[in-house]
Amino acid sequence: MITNTTLATGQSALMLENFWPTPQGIEPRAGYVEVATVSGRVVSLFEHRASATFFAATAGAIYPFTAVTSGGGALVADQSGLTNGNWSTYEVQNSGGNFLLCVNGADNMRRFDGSVWLTITGTGTGAITGVATDALNFVWGHRNRVFFIQNNSTSAWYLATNAVGGTATELPLAGVFRKGGKLLMGGTWSSDSGAGMDDRCFFVTDAGEVAIYTGADPGDTNNWSLVGVYEVGIPLGRKSMIYVGGDVLFATKRGIIPLSAVVQKDPSELAASAVSAPIQPDWNEAALRIAGDWRLGKWTTIGMVFALPLGASSYVPNIFVANAESGSWSMITGWDATDMAQLGDWLYLGTASGQVCRAWTGGQDDGMPYICRCKLAFDHLSDAATTKSVSVIQAVWKTRAPLSYSLALTRDYGNSWGPAPETATQPDDGSVSSEWDVAVWDVSPWAADAGSYFITSGWRGVTGVGFAFAPTIQLMCDSVARVNCQLQRVDVGFVSGGVVT
């Protein structure tokens with residue numbers, strides 16, 4: 001999907017809704033299934049990787065589940081009596097084990113070791129002194145140290161090397177930033193995709209500035225120095241940052257901005273360097289309308305980067321998704337998601353009604369159908385100055401089962417879609433079988449392995465006279481199994497007009 005150019009490029013899609021772009025074509029996305037429920041709106045999803053334990057947090061409680069949780073049953077809370085579900089988490093490994101540190105800026109810090117939760121205060125087991133733990137709202141690690149951000153301040157705090165408790169030391173940054181504001185988040189930036197001596201620590205404010213430091217010990221002037229302060233754009237929330245390879249991406253009002261571009265370009269040039277540049281008009285409209293706490297995340301299993309706009313209203317968001325391999329964008333609609341996260345190898349989402357769901361599963365959204373729509377860019381069919389009469393159109397699909405879909409043609413920059421599609425279904429196991437001694441040889445598809453497919457197409461009659469045309473494709477998914485097909489191309493048959501004498 002490319003919307004930051006003219007309507008008549010003939011090279012992309014003006015609308016790609018619930019189709020997933022791959023290097024081989026576009027295919028219907030999968031749906032989602034409910035695996036469990038909690039009491040209240042799901043605010044955060046996170047995991048303790050060492051024990052493969054997943055968590056769904058509401059404003060008042062934290063609920064554990066695992067990759068095998070299914071059936072939609074009610075989860076039992078591990079932690080309750082809380083006041084804020086917007087947790088920032090970081091998993092630390094040291095000689096004592098693997099510890100998940102959780103802060104939200106309202107409740108005392110929680111620590112999970114794979115089996116036991118601890119409430120961390122200034123006294124008792126695992127105590128952190130120097131700062132109240134209920135004032136910490138963001139956590140990350142840098143060069144074997146844990147760093148925190150304090151609520152409504154320009155102060156960061158850090159622990160000793162390899163420590164998960166003990167004395168926290170303040171790192172005041174009030175005089176560093178030029179535009180004011182408060183610290184929002186922080187992290188580590190590497191010049192490669194691993195962790196090493198070249199890692200730099202950065203701090204981001206809600207005014208859109210980022211300060212980058214080199215070194216490992218803020219208390220040692222010989223081992224800690226400021227690299228520079230740069231403008232990144234107003235971040236769209238505390239969870240609007242992800243790591244991709246050796247870079248850091250920030251979801252801002254300007255778009256998804258890489259940190260590598262921030263340190264090299266003038267602020268006025270950043271929009272052109274945005275990862276979201278192909279869909280900039282859509283991004284700008286969403287950022288203007290939904291000024292909430294967005295989620296920027298990734299799902300490495302299929303190479304997806306997603307931006308989930310969250311606002312204060314009950315609006316069901318349009319989720320921006322991109323294939324990290326190709327940089328191709330699309331949009332997911334119909335998911336009433338309040339958070340999305342990769343847990344283990346799967347993508348999960350939480351909903352406003354308290355559902356915990358596994359995404360990219362089956363061909364229904366929690367038992368309901370959903371529509372996939374594609375509107376290709378307008379094409380002048382080789383001659384922009386001549387009126388054409390279109391008579392036939394066909395879509396070429398790579399598929400594993402017979403397919404029903406709607407195919408139409410919009411002319412001269414119009415915005416019509418044609419008739420609604422019939423339901424496209426697949427066998428429950430996703431396979432295609434041909435019955436021996438009944439199926440037609442060389443016509444019926446083989447019942448082979450999961451990678452088998454056949455090509456289906458067919459000319460359909462259309463009527464339209466104009467100078468530019470855009471094919472539209474609609475496909476309704478309503479199947480237990482995912483609808484397994486890929487659109488390869490669209491062909492149009494036409495006759496060019498001439499001069500009447």
Side-chain angles (χ1 to χ4, degrees), residues 13 15-33 70 301-304 321 323 328 330-335 346-347 357-376 392-408 417-462 471-491:
M15 166 65 77
L16 208 57
E17 177 184 348
N18 292 328
F19 276 106
W20 173 242
T22 76
Q24 297 80 35
I26 61 171
E27 58 189 38
R29 69 160 171 85
Y32 69 86
V33 294
S70 62
T301 303
I302 68 168
M304 175 191 289
V321 294
N323 188 318
S328 300
S330 181
M331 187 179 296
I332 291 177
T333 62
W335 287 4
W346 284 93
L347 180 67
C357 307
R358 177 180 284 184
W360 225 256
T361 300
Q364 298 172 326
D365 283 349
D366 194 26
M368 299 297 293
Y370 56 91
I371 192 168
C372 306
R373 302 195 303 165
C374 170
K375 181 179 183 179
L376 300 182
V392 289
I393 185 173
Q394 74 167 353
V396 180
W397 298 85
K398 177 180 175 182
T399 182
R400 297 190 59 221
L403 197 61
S404 297
Y405 57 93
S406 170
L407 182 62
W417 279 92
E422 298 178 2
T423 299
T425 61
Q426 297 270 272
D428 288 353
D429 60 358
S431 66
V432 178
S433 60
S434 297
E435 188 176 350
W436 180 261
D437 208 28
V438 174
V440 180
W441 178 265
D442 208 26
V443 174
S444 298
W446 283 92
D449 57 67
S452 64
Y453 65 88
F454 63 96
I455 299 297
T456 182
S457 61
W459 290 103
R460 301 183 182 186
V462 294
T472 61
I473 303 98
Q474 299 181 83
L475 187 148
M476 181 72 74
C477 295
D478 188 12
S479 179
V480 174
R482 181 183 179 185
V483 177
N484 198 329
C485 62
Q486 283 185 342
L487 179 66
Q488 302 293 296
R489 58 180 289 139
V490 176
D491 300 321

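The model shown is predicted, which means the values in this text are computed figures rather than measured ones. Sequential numbering from 1 along the given sequence is applied to the chain's residues.
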Quiz item: What residues, two or more places apart in sequence or in another chain, satisfy ring-ring contact (aromatic ring centres under 6.0 Å, His included) together with Tyr405?
Solution: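 For Tyr405, the residues satisfying ring-ring contact (aromatic ring centres under 6.0 Å, His included) (neighbours in sequence not counted) are Trp397.
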Quick one: closest heavy-atom pair of [X] and [Y], and the distance?
X	Y	value
Trp335	Ala30	CZ2-O, 3.8 Å
Cys372	Cys477	SG-SG, 3.8 Å
Ile332	Asn18	CA-OD1, 3.4 Å

For the [atom1] atom of [X] and the [atom2] atom of [Y], what is their distance to the nearest 0.5 Å?
X	Y	atom1	atom2	value
Thr456	Gln394	OG1	CD	9.5 Å
Arg29	Tyr370	CZ	OH	5.0 Å
Lys375	Ile473	NZ	CD1	11.5 Å
Trp20	Gln486	CH2	CD	12.5 Å
Met476	Thr423	CE	OG1	6.0 Å
Ile371	Gln474	CD1	CD	4.5 Å

Quiz item: Counting only N and O atoms by type, is there a donor-acceptor contact under 3.5 Å from the side chain of Thr361 to the main-chain atoms of Val33?
Solution: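 No: the side chain of Thr361 does not pair with the backbone of Val33.
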Self-check item: Donor-acceptor pair, side chain of Asn484 and main chain of Ala401, under 3.5 angstrom
Solution: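 Looks like no, no N/O pair under 3.5 Å.
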Do the non-hydrogen side-chain atoms of [X] and [Y] ever get within less than 4.5 Å of each other?
X	Y	value
Pro421	Leu475	no
Trp346	Thr301	no
Cys374	Ile26	yes
Pro28	Cys485	yes
Leu487	Phe19	no
Val321	Met331	no

Practice problem: Using the test salt bridge (Lys or Arg N to Asp or Glu O under 4.0 Å), find all partners of Arg489 that sit at least two apart in sequence or belong to another chain. | Solution: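 Salt bridge (Lys or Arg N to Asp or Glu O under 4.0 Å) check on Arg489 returns Asp491.
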Quiz item: What residues, two or more places apart in sequence or in another chain, satisfy salt bridge (Lys or Arg N to Asp or Glu O under 4.0 Å) together with Arg358?
Solution: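 Per chain and number, Arg358 pairs via salt bridge (Lys or Arg N to Asp or Glu O under 4.0 Å) with no residue.
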Exercise. Take Val392 and Arg460 through the side-chain contact (heavy atoms from CB on, under 4.5 Å) test and state the conclusion after the steps.
Key: CA-CA 5 Å; Val392 289; Arg460 301 183 182 186; over 6 Å; no
Practice problem: Report the C-alpha separation of Thr22 and Asn323 in whole Å, then their side-chain angles, then the decisive distance to 0.1 Å, and conclude whether the side chain to side chain donor-acceptor pair (under 3.5 Å) test is met. | Solution: CA-CA 7 Å; Thr22 76; Asn323 188 318; 5.9 Å; no
